[in-house]
Amino acid sequence: MSIRFSTFGPHISKIDQQYVSRAMKLENWYNKPYYFVEKFEKDFAKYCERKFCLLTPNCTSAIHLFLHSLNLKKNDEIIIPESTWIATASPAFQTKAKVKFCDINENNFCISLDSIKKLVSKNTKVIISVNVYGNMPDYKNLIKYCKKMNIILLEDAAESLGSSINKRKAGSFGDASVFSFHRTKTITTGEGGALVLNNNKIFKRCRMLRDHGRHPWTKDFFNEEFSFKYMPSNLQASLACSQLKKIRLLLKLKRNIFLNYKFHLKEIEKEILMNQDNEKIINSCWSITIFFKKSKIKTIEKIKNTLIKNNFFPRPFFYPLTSIPAFRKLDKNYKKFKVQNPIAYKTYKKGLVMPSSYLMNKQQIQKICKIILKIILQEKNND
């Protein structure tokens, strides 16, 4: 079987097939229709050091579910970093609140507290912080600031399952956290997501909203509100359970991929910035990223195109959200954000997300790094 070495891909083994087969048994469709959903929610909440977990069809719906539960009003504001996937912002635009975009930190590409402080007003109700590429922002000061200003902090941990700061896991920061179990993520349900939190009141409301506004303690089919259908299937959850069972193995495999890239690129280590990883911050290495600090844009484009020709498929860093067509349709003055959020606009052209799937082996990583080194050295010689 021929598989192209795209940026990401899942780890599927016999244990995954066994769990899904269990969920497929006819008696479980009737007798235990949500057995694996409830099991995963209990186990994942414990893993994230949270009290509650709700499994959802995807991470986007987890964000929307949480934001909707807050009953945000027309004059309320949500602050979001420029550099993230559109899924972080889309649910915010589906609320009544106004969305503001802030800049990022150039060392980790995560939300900038300094930029936040320039945007916060008396109407700011929520800040969504994104652990982009497994990196983590300064949560200690971010949480402190949010408490001081009475702002709700939602941690978008979609890309950081297994990351930690000072041994505190991603998914345990802020008022609530969300995860993605898309087929590309560290653990997968094909499509999937989760909301984890400690607030019992918000948890109960989100649980009710998740299933067409049905309270578990009211009469059957006697709905409390018009709401969404964000219930996951038992099949999804069975795969989630098997994937979580081997989380240590999956994180070890990802770290080995990262260390191999780092080893083969040590010749240019001062000229690039890779995943944030040090004594305080452990990166789960969902994706291996390389930010080329000194290289020209055309050199980075050459690296990307040469890798594609060799059947490796890197992808660019996230475009600033205010630069994409979806946002330009909403705000005709979108050009102002290039001045307001200069780091986001400066960095996205100089980074590549490298092939990081579980199928990658040492030889393939070495080949990728040789291509990168050759082109970088050519650039140096030409200069």
Side-chain angles (χ1 to χ4, degrees), residues 63 67 72 74-133 135-139 141-142 144-146 148-149 151-156 158-159 271-273 276 289-301 304 315-353:
I63 297 172
L67 293 178
L72 297 169
K74 186 177 180 181
N75 292 326
D76 292 338
E77 297 171 351
I78 303 171
I79 295 178
I80 297 171
E82 280 270 18
S83 298
T84 181
W85 176 230
I86 194 173
T88 306
S90 292
F93 280 111
Q94 291 166 22
T95 69
K96 295 177 182 179
K98 179 182 178 181
V99 179
K100 288 184 172 182
F101 290 97
C102 70
D103 210 354
I104 58 170
N105 187 302
E106 60 186 339
N107 295 319
N108 56 31
F109 316 114
C110 294
I111 200 163
S112 164
L113 183 53
D114 290 337
S115 181
I116 288 171
K117 290 178 179 179
K118 296 175 183 177
L119 295 177
V120 164
S121 74
K122 63 180 181 180
N123 295 322
T124 305
K125 293 296 187 293
V126 184
I127 292 172
I128 305 179
S129 172
V130 186
N131 304 341
V132 69
Y133 312 129
N135 298 339
M136 306 273 272
D138 179 8
Y139 273 118
N141 288 315
L142 182 56
K144 186 178 178 181
Y145 179 75
C146 286
K148 176 185 173 183
M149 304 300 291
I151 297 171
I152 293 169
L153 177 61
L154 175 61
E155 177 194 12
D156 184 340
E159 301 178 3
E271 299 170 44
I272 60 175
L273 184 64
Q276 183 186 26
T289 54
I290 303 176
F291 179 75
F292 298 87
K293 294 188 285 186
K294 299 181 179 180
S295 295
K296 298 173 183 175
I297 304 298
K298 65 178 183 180
T299 301
I300 299 167
E301 279 294 312
K304 185 179 76 171
R315 76 178 202 194
F317 273 20
F318 290 122
Y319 295 99
L321 287 174
T322 56
S323 74
I324 62 176
F327 182 79
R328 291 183 177 188
K329 293 175 183 178
L330 300 177
D331 191 338
K332 293 181 180 180
N333 297 318
Y334 60 85
K335 291 182 179 179
K336 67 183 179 184
F337 291 99
K338 191 171 184 180
V339 177
Q340 179 184 304
N341 301 321
I343 298 173
Y345 274 83
K346 170 188 171 185
T347 57
Y348 84 96
K349 292 181 180 179
K350 302 201 70 178
L352 290 176
V353 182

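All values below come from the heavy atoms of this structure, side chains included, with hydrogens, waters and symmetry mates left out.
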Q) Can you check side chain to side chain contact (heavy atoms under 4.5 Å, CB included) on Ser323 and Tyr345, steps first, answer last? A) CA-CA 9 Å; Ser323 74; Tyr345 274 83; 3.5 Å; yes
Q) What residues form a side chain to side chain contact (heavy atoms under 4.5 Å, CB included) with Asp76, not counting sequence neighbours? A) Leu72, Lys73, Ala97, Lys125
Q. Who are the ring-ring contact (aromatic ring centres under 6.0 Å, His included) partners of Phe337, not counting sequence neighbours?
A. Phe327
Q. Going by heavy atoms in the side chains, are Ile79 and Val126 under 4.5 Å from each other?
A. no
Q | Set of side chain to side chain contact (heavy atoms under 4.5 Å, CB included) partners for Lys294, sequence neighbours left out | A | Glu271
Q: Sequence neighbours left out, what pairs pass salt bridge (Lys or Arg N to Asp or Glu O under 4.0 Å) with at least one residue falling in residues 85-94?
A: none
Q: To the nearest 0.5 angstrom, please state how far the CD1 atom of Ile290 sits from the CD1 atom of Ile300.
A: 10.5 Å
Q | salt bridge (charged side-chain N to carboxylate O under 4.0 Å, His left out) partners for Lys118, two or more places apart | A | none
Q: Just jot down the ring-ring contact (aromatic ring centres under 6.0 Å, His included) partners of Tyr139, sequence neighbours excluded, or say none.
A: Phe173
Q: Report yes if the side chains of Ile127 and Ile111 come closer than 4.5 Å at any heavy-atom pair, otherwise no.
A: yes
Q: With sequence neighbours excluded, tell me which residues meet side-chain hydrogen bond (donor to acceptor under 3.5 Å, both in side chains) with Asn141.
A: Asp138
Distance-only donor-acceptor hits, side chain of residues 346-353, under 3.5 Å, sequence neighbours excluded:
| from | atom 1 | to | atom 2 | distance (Å) |
| --- | --- | --- | --- | --- |
| Thr347 | OG1 | Ile343 | O | 2.9 |
| Lys350 | NZ | Phe292 | O | 3.3 |
| Lys350 | NZ | Lys293 | O | 3.1 |
| Lys350 | NZ | Ser295 | O | 2.9 |

Q. How long is the gap from CD1 on Ile272 to OG1 on Thr289, to the nearest 0.5 Å?
A. 9.5 Å
Q. What are the two closest heavy atoms between Pro81 and Val130, and how far apart are they?
A. CG-CG2, 3.7 Å
(Q) By the side-chain hydrogen bond (donor to acceptor under 3.5 Å, both in side chains) test, which pairs, at least two apart or in different chains, include something from residues 79-100? (A) Glu77-Lys100, Glu82-Thr322, Glu82-Asn341, Thr84-Thr88, Thr88-Asp156
Q | Closest contact, heavy atoms only, Pro137 versus Asn108 | A | CA-ND2, 4.2 Å
**Q.** Salt-bridge present (Glu301, Lys298; N to O < 4.0 Å)
**A.** no
Q | side-chain hydrogen bond (donor to acceptor under 3.5 Å, both in side chains) partners of Glu155, counting only residues at least two apart | A | Asn131, Ser177
Q) So, the side chain of Asn135 versus the backbone of Cys110: is there a donor-acceptor pair under 3.5 Å, distance only? A) no
Q) How long is the span from the CD atom in Gln340 to the SG atom in Cys102, to the nearest 0.5 Å? A) 9.0 Å
Q.
Parallel, tilted or perpendicular: which one describes the rings of Phe109 and Phe317, with boundaries at 30° and 60°?
A. perpendicular
(Q) Under the criterion side chain to side chain contact (heavy atoms under 4.5 Å, CB included), I'd like the reasoning laid out for Leu153 against Ser129: C-alpha separation, chi angles, the key distance, then a yes or no. (A) CA-CA 7 Å; Leu153 177 61; Ser129 172; 4.0 Å; yes
Q) When you look at OH of Tyr145, are more than 12 heavy atoms from neighbouring residues, nucleotides or ligands closer to it than 6.0 Å? A) yes
Q) Does Phe318 have any ring-ring contact (aromatic ring centres under 6.0 Å, His included) partners at least two apart in sequence or in another chain, and if so, which? A) Tyr133
Q.
Asp114: which residues meet the side chain to side chain contact (heavy atoms under 4.5 Å, CB included) condition with it, sequence neighbours left out?
A. Ser112
Q. Given side chains that start at C-beta, do those of Ile63 and Leu154 come closer than 4.5 Å, heavy atoms only?
A. yes
Q: Starting at CD1 of Ile104, measure out to CG of Asn107 and round the result to the nearest 0.5 Å.
A: 10.0 Å
Q) Hey, what do you get for CD1 (Ile116) to CG (Leu142), rounding to the nearest 0.5 Å? A) 5.0 Å
Q.
Any heavy-atom pair between the side chains of Phe101 and Leu119 that's under 4.5 Å?
A. no
